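Below is one structure, written out as structure tokens, with a few remarks after it.
If you're wondering where the values come from, they're calculated on a predicted model, not measured in any experiment. These numbers come from the heavy atoms of this one structure, side chains and all, not from hydrogens, waters or symmetry mates.
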Amino acid sequence: MRYMARARKYLEVIIMQCIQTSTNSNDLTSFGPELTFLLQYLNPKTYQTKHMIDPYHVIDIPDKILSSFGQSILKTTLCQFNLRPSFILCVQEIIKLEERSTKDVTRIKAMKLWLTTMTRLTLFPIEHAEATSDALDTATAAHFLWTNTLAVPYITCLISTMMVDRLRPWALNTMPLLLKQMDFISIDLSGNGTLFLLANLIELLKSDQVVELTTSLIVYIEPYFSDKQTPSYPHYHPIFKWSKATWGNTIPSITFDKVMKQIEFIWSRSFMDQVFADIITFEQTSSTAKKLFKSSGGDIALFSIQVESIFSLYIQLTNLFKAHRKVIFYRIAFTSKLMPQLWKLMNQFGPKGNMIIYLEAAKQKDINKEPLVQVLKVFCESCSIVFLTLDDVDIFTHQKPFSPNDLIQISSFLNNFYFSLIKQQTDIPTEIPPAADSFKSARRLLLQIYDLDLHHPFCPPNHWLLISMSKGMKSFFSSLFSESANSKSSTSSASLFLSSLRQGDPVPLRILQLMPHTVSFDMRLKIFRDWIALDKSIIITQNNGKIVTVRRGQVLEDGFYALSGLSPSAWKGTIRVSFVNELGVGEIGIDQGGPFKDFITMLIAEAFEPNFGLFSSTKLNSFYPSAISSVHGRNYIQIFEFIGKVIGKALYEGILLDVKFAGFLLARLLGRNVFLEELKELDAEVWKNLTFIKHYEGDVEELGLTFEADENVFGKIESHELKYKGSNTAVTNSNKIEYVYLMADYKLNQRAKEQTKAFIHGFRTVISESWIKLFSPPELQRVLSGEDTDFDISDLRKHTKYQDGYFDLHYVIRLLWQIVGEFSSAEKRAFLKFTTGCPKPPLGGFQYLQPPFTIRMVSTDTTETTKSINSFFSSSINRSGRLPSSSTW
């Protein structure tokens with residue numbers, strides 16, 4: 001035994017030197033003898049008596065002692081090393097070499113061989129460990145494997161296939177132990193190591209066990225990273241932006257890209273099809289009977305928990321990998337048949353079904369106490385994406401993924417659900433309740449269904465309204481005012497709502513901001529005008545007004561240089577305009593709002609002239625920012641911001657604009673997403689082609705399409721990739737929905753992105769986003785341009801003001817109204833266009849026309865003005881005056 005101890009000491013020294021030599025050099029391709037030696041003498045199987053040539057000279061030691069000897073050698077030599085740094089350097093070098101255009105194949109093979117051999121060495125401890133061995137226990141051996149091999153980025157993709165197959169069962173068998181010890185192991189792995197460990201285990205497993213594994217490990221990754229730099233997160237990170245991990249932050253980004261490729265398996269099409277299979281095959285047999293699932297032991301309650309674990313995982317992934325959030329929800333959204341099946345399944349959750357568990361959870365202070373709430377979150381997020389690619393044919397012809405009746409049920413649930421969320425109390429009244437904030441997707445989906453109903457009505461009457469001027473409140477809504485209103489009171493719902501709003505109750509305000517469609521349009525319009533009036537009363541005391549001089553032939557140019565630098569408060573204040581004619585002579589006029597209105601009307605007419613190049617028009621003559629507006633020079637973005645401010649000012653002052661805005665532009669002004677169905681307005685031909693591709697039943701790849709868009713810019717064809725390497729990515733049946741989505745997004749949102757952004761920013765400088773969120777896109781068009789109908793002559797006459805001698809019963813005035821009353825519809829519009837600048841009457845009647853409709857007498861007599869004015873009040877006909885020839889007074 002004395003010789004054995006000495007031999008062991010010498011052997012340990014040699015092994016340690018071989019490991020140091022093999023791992024501490026920059027050249028990892030020339031250690032054949034050392035690695036061969038280590039493979040022989042680190043393997044415990046070496047230490048056994050196999051062939052006794054001369055039994056008289058062999059020490060008779062039992063195999064169990066020899067096995068323990070081999071285990072001890074591993075523990076005192078290999079297990080004392082931190083091999084991870086040298087492994088990481090090797091991985092980085094291999095990835096760098098493989099990315100080069102000219103590859104050094106020999107060196108790459110040699111380095112992969114070194115990595116494979118070293119991985120084999122790290123398997124010896126776990127292969128020969130024993131659960132309770134004093135020499136080498138299983139926990140120690142497993143810890144060594146996790147922290148030295150599996151915590152190396154991308155290693156499972158670089159070692160040989162044979163070694164991967166050898167590594168896989170040990171990774172699988174030790175997973176329960178890993179999950180038990182993660183509290184201790186995560187300290188050593190420090191964020192990045194846990195990330196690499198997760199990625200390698202995903203690569204090895206690629207089964208439904210990945211769900212449990214990822215759910216368990218991701219909680220040990222999240223605390224180490226942030227998307228904001230703070231003293232606690234000082235280190236830059238290629239994936240998460242900022243990190244407090246103690247190692248791994250300086251690893252090249254290309255290596256992290258490879259790690260993400262491994263992790264992306266979790267949201268790959270193949271894996272999602274696998275984990276969602278039971279949901280997709282779910283069938284609702286009756287209101288009481290529920291389909292039983294083999295995977296859950298025949299219990300719908302257990303199955304619902306399994307479903308919750310899957311969707312909770314994807315919520316965690318979108319929170320951690322924020323850059324991949326869009327892709328993850330996109331893949332979920334377009335998993336075939338998943339969304340309608342998920343809706344059916346959620347209606348089976350809970351003892352009562354019919355989404356009752358969610359409606360009850362929405363009334364609780366902490367909605368997350370309901371375990372199944374994550375399923376609803378994913379449903380809302382994903383469905384809102386699906387709606388971006390739907391058209392009327394999908395819903396009303398094919399009735400896929402949802403029928404109109406399904407949408408009526410979904411919207412009814414969401415209306416009740418989201419209302420319950422926003423009426424929760426908060427410490428700060430102006431804040432949105434946390435639960436409502438976390439369910440923005442529910443509101444987004446609700447508004448998408450509402451917009452669909454606007455342009456293609458399918459919901460029953462008053463389906464959306466909770467309150468209106470003429471109707472009572474729905475029962476669940478009336479509870480909002482139970483404390484302030486007696487149940488026997490005859491006070492109208494509108495009065496109660498407005499009273500609560502004016503008293504500072506936050507809930508009515510939240511309803512207006514987040515669920516405006518539940519309040520009638522006439523009430524919202526009244527509230528909007530009240531808000532502007534209140535804002536004006538504040539601004540008047542703070543602003544002395546601005547006077548500008550513009551040339552009639554250069555209204556846009558002069559207006560831009562005179563007003564673009566004004567502060568937001570100055571834009572809301574009084575702006576007076578003095579016109580200069582083509583001779584440079586100032587025009588004489590009494591500015592009672594007319595010249596400024598004339599200025600606005602002329603400026604908008606010039607800016608929206610299609611040949612001017614700032615705005616383009618659709619075939620329906622609706623306008624949107626032009627993608628080629630850069631021809632106006634380096635200031636073209638500032639011009640769009642200025643025009644946005646001018647339109648905001650017009651709305652602020654109640655000046656109607658004779659401009660029809662594109663529906664998708666109005667939707668963007670309201671902060672809403674626009675996609676496929678809105679494309680019909682922009683380019684019907686492209687819309688037709690995309691819907692053809694979406695519904696094409698043949699092989700789309702035969703059409704020869706790629707993920708790029710061609711544009712004709714001043715006679716030159718320019719190509720734009722719709723995604724990374726899009727020009728080399730063919731459109732196939734499996735990705736055609738993605739192509740439709742990206743093409744619609746490019747046409748509607750990306751082509752004139754900066755122009756639209758500047759236009760919206762300028763508009764919101766004057767008109768608060770919270771104000772206009774009261775309206776839908778069609779309603780906002782009505783507010784901006786008036787009612788598209790013939791005006792009521794008696795209403796106009798009732799609200800007309802007279803000056804300098806005229807009055808309602810004056811002969812000339814009576815003659816005027818008689819003539820106007822005989823006008824045709826077209827003539828009435830022309831009359832209104834001439835006198836007010838817009839052919840449409842204001843919403844609510846002419847009492848809201850700004851400036852008020854005024855008729856002033858213009859004297860043609862050579863006598864003094866006072867004499868001519870006196871004659872206006874005589875009983876005889878006044879022939880010394882005439883109607884004015886323009887509306888600029």
Side-chain angles (χ1 to χ4, degrees), residues 126 138-139 142-143 145-147 149-151 156 164 167-186 189 191 193-224 259-282 293-321 324 328-329 331-332 335 338 342 345 349 368 370-378:
I126 193 62
T138 302
H143 184 276
L145 178 66
W146 299 327
T147 57
T149 305
L150 293 177
T156 50
V164 170
L167 181 60
R168 183 177 291 110
W170 290 107
L172 182 63
N173 294 337
T174 61
M175 202 169 78
L177 182 61
L178 168 68
L179 300 182
K180 288 181 181 179
Q181 297 189 6
M182 272 308 299
D183 288 341
F184 170 69
I185 298 169
S186 62
L189 296 183
T194 309
L195 178 70
F196 303 150
L197 173 65
L198 173 61
N200 284 318
L201 288 175
I202 290 172
E203 185 71 34
L204 291 172
L205 299 178
K206 289 194 172 179
S207 66
D208 54 5
Q209 289 177 300
V210 166
V211 174
E212 180 187 2
L213 171 71
T214 307
T215 302
S216 300
L217 294 192
I218 205 169
V219 297
Y220 296 99
I221 299 174
E222 286 178 319
Y224 285 91
V259 171
M260 284 307 305
K261 290 293 183 184
Q262 293 176 295
I263 293 177
E264 285 171 11
F265 170 78
I266 309 174
W267 55 85
S268 66
R269 179 79 283 137
S270 59
F271 182 70
M272 283 189 171
D273 288 342
Q274 178 183 347
V275 296
F276 294 143
D278 279 348
I279 301 173
I280 293 171
T281 56
F282 172 80
F293 294 85
K294 294 180 181 179
S295 61
S296 56
D299 190 336
I300 189 68
L302 291 178
F303 180 67
S304 66
I305 294 174
Q306 292 178 3
V307 172
E308 188 277 334
S309 66
I310 294 171
F311 288 111
S312 291
L313 167 63
Y314 285 112
I315 290 291
Q316 285 180 297
L317 289 170
T318 57
N319 291 335
L320 180 62
F321 301 106
H324 298 266
I328 294 172
F329 280 124
R331 296 270 171 81
I332 296 173
T335 299
L338 178 60
L342 189 56
L345 179 59
F349 288 165
N368 291 312
E370 168 52 55
L372 299 175
V373 75
Q374 304 298 341
V375 182
L376 179 60
K377 279 187 180 179
V378 175

For the pair Val378 and Ile310, evaluate side-chain contact (heavy atoms from CB on, under 4.5 Å) and give the outcome as yes or no after the intermediate values.
-> CA-CA 10 Å; Val378 175; Ile310 294 171; over 6 Å; no

By side-chain contact (heavy atoms from CB on, under 4.5 Å) - contacts of [X] (at least two apart):
X      : result
Tyr224 : Ser190, Lys244, Ala245
Asp273 : Arg269, Thr335
Thr147 : Arg84, His143, Ile185, Asp188, Leu189

Inspect the surroundings of CD in Gln274 and state if more than 12 heavy atoms from other residues, nucleotides or ligands are less than 6.0 Å away.
->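 More than 12 within 6.0 Å, yes.
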
Look up atom [atom1] in [X] and atom [atom2] in [Y], then write down how far apart they are to the nearest 0.5 Å.
X      : Y      : atom1 : atom2 : result
Ile126 : Thr149 : CD1   : OG1   : 11.0 Å
Leu320 : Ile315 : CG    : CD1   : 13.0 Å
Trp267 : Ile328 : CH2   : CD1   : 4.5 Å
Ile332 : Met272 : CD1   : CE    : 4.0 Å
Leu342 : Leu376 : CG    : CG    : 9.0 Å
Met182 : Thr194 : CE    : OG1   : 4.5 Å

Report yes if some heavy atom in the side chain of [X] is under 4.5 Å from a heavy atom in the side chain of [Y]; otherwise report no.
X      : Y      : result
Glu308 : Val373 : no
Asp278 : Phe282 : no
Val275 : Leu313 : no
Ile263 : Leu195 : yes
Gln316 : Thr215 : yes

Donor-acceptor contact present, side-chain Thr214 to main-chain Val211, <3.5 Å |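 It does not hold such a pair.
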
Is there a donor-acceptor contact under 3.5 Å from the side chain of Ser312 to the main chain of Ser309?
->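 Answer holds: no.
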
Minimal non-hydrogen separation, [X] against [Y], with atom names:
X      : Y      : answer
Leu179 : Ser216 : CD2-CB, 3.6 Å
Ala142 : Leu177 : CB-CD2, 4.0 Å
Ile266 : Tyr314 : O-OH, 2.6 Å
Gln181 : Ala139 : NE2-CB, 3.6 Å

Residues two or more places apart in sequence or in another chain: which of them pass side chain to side chain donor-acceptor pair (under 3.5 Å) with Thr174?
->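 For Thr174, the residues satisfying side chain to side chain donor-acceptor pair (under 3.5 Å) (neighbours in sequence not counted) are Trp146.
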
Could you pull out every donor-acceptor pair under 3.5 Å between side chains of residues 199-208 and any protein atom, sequence neighbours left out?
residue : atom : partner : partner atom : Å
Asn200  : OD1  : Thr156  : N            : 3.4
Asn200  : OD1  : Thr156  : OG1          : 2.8
Asn200  : OD1  : Gln262  : NE2          : 3.3
Asn200  : ND2  : Leu150  : O            : 2.8
Asn200  : ND2  : Val152  : O            : 2.7
Asn200  : ND2  : Phe196  : O            : 3.1
Ser207  : OG   : Gln209  : N            : 3.4

Run the side-chain contact (heavy atoms from CB on, under 4.5 Å) check on Leu345 and Val375 step by step: do they pass?
-> CA-CA 10 Å; Leu345 179 59; Val375 182; over 6 Å; no

Residue pairs passing the salt bridge (Lys or Arg N to Asp or Glu O under 4.0 Å) test where at least one lies in residues 172-185, sequence neighbours excluded =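 Applying salt bridge (Lys or Arg N to Asp or Glu O under 4.0 Å) to every pair that reaches into residues 172-185, excluding sequence neighbours, yields nothing.
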
Would you please indicate if the ring centroids of Phe311 and Phe276 are separated by under 6.0 Å?
->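 Yes, the ring centres sit under 6.0 Å apart.
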
